Amino acid sequence: MTAIASVTSCASTACAFNSNGCAAFAVTVTGVDGAARCGTFIDLDARGGLPTASGQVGACQLLECVHNTDLMCTAEGIAMDAVTDGAQCRSYAQA
């Protein structure tokens with residue numbers, strides 16, 4: 001792996017790191033049974049993160065995802081969908 005996957009879009013506007021895209025330095029993808037969730041999601045009244053939306057995937061804990069190699073995301077980029085209590089990785093695909 002030579003590149004770090006970027007967060008190309010995030011529809012979870014409730015996240016404090018979403019500022020017209022993911023402004024977290026890096027996100028962790030977590031979850032169980034195919035529910036690939038953003039472990040970095042946080043619902044606060046404040047906004048945080050980088051001054052520009054340039055988030056990356058720091059780690060992926062879903063070993064069964066086809067994009068997971070050594071706990072790193074090998075996808076070119078990932079997209080996050082909004083769910084009731086967070087964000088879900090739309091790029092997740094079970095091997």
Side-chain angles (χ1 to χ4, degrees):
M1 185 175 101
T2 58
I4 297 174
S6 63
V7 180
T8 58
S9 66
C10 180
S12 185
T13 57
C15 183
F17 288 111
N18 190 338
S19 181
N20 294 320
C22 184
F25 180 75
V27 302
T28 299
V29 179
T30 62
V32 293
D33 299 326
R37 303 296 294 266
C38 179
T40 311
F41 172 87
I42 185 165
D43 186 3
L44 293 174
D45 290 334
R47 293 290 175 209
L50 302 170
T52 60
S54 57
Q56 303 174 59
V57 181
C60 178
Q61 298 177 357
L62 290 138
L63 296 175
E64 73 279 4
C65 182
V66 297
H67 302 295
N68 189 324
T69 301
D70 299 327
L71 301 176
M72 298 295 293
C73 182
T74 61
E76 186 173 316
I78 67 166
M80 292 287 189
D81 282 338
V83 292
T84 302
D85 58 347
Q88 186 162 333
C89 181
R90 187 173 10 136
S91 307
Y92 170 84
Q94 192 167 1

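For reference, positions follow the sequence shown, starting with 1. Computed from a predicted structure; not experimentally measured.
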Nearest-0.5 Å distance, [atom1] of residue [X] to [atom2] of residue [Y]:
X   : Y   : atom1 : atom2 : result
C38 : M80 : SG    : CE    : 4.5 Å
N20 : R47 : CG    : CZ    : 9.5 Å
I42 : C15 : CD1   : SG    : 8.0 Å
S12 : D81 : OG    : CG    : 9.5 Å
I78 : Q88 : CD1   : CD    : 11.5 Å
E64 : Y92 : CD    : OH    : 3.5 Å

Under a 3.5 Å distance rule, please check whether [X] uses its side chain to pair with a backbone N or O of [Y] as donor and acceptor.
X   : Y   : value
N68 : L62 : yes
T28 : T40 : no
T74 : H67 : yes
S6  : G77 : no

Compare every heavy atom of [Y] with every heavy atom of [X], then report the nearest pair and how far apart it is.
X   : Y   : result
G48 : A23 : O-CB, 3.9 Å
V57 : C73 : CG1-CB, 3.7 Å
M72 : G58 : SD-O, 3.4 Å
A16 : A46 : CB-O, 3.2 Å
S91 : A79 : OG-N, 3.1 Å
C89 : V29 : CB-CG1, 4.3 Å

message = side-chain contact (heavy atoms from CB on, under 4.5 Å), that's the test. Do C22 and V27 meet it? Break it down for me.
response = CA-CA 9 Å; C22 184; V27 302; 3.8 Å; yes
Q: Compare all side-chain heavy atoms of R37 with those of D85 and state whether any distance is below 4.5 angstrom.
A: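 With C-beta onward as the side chain, the pair touches.
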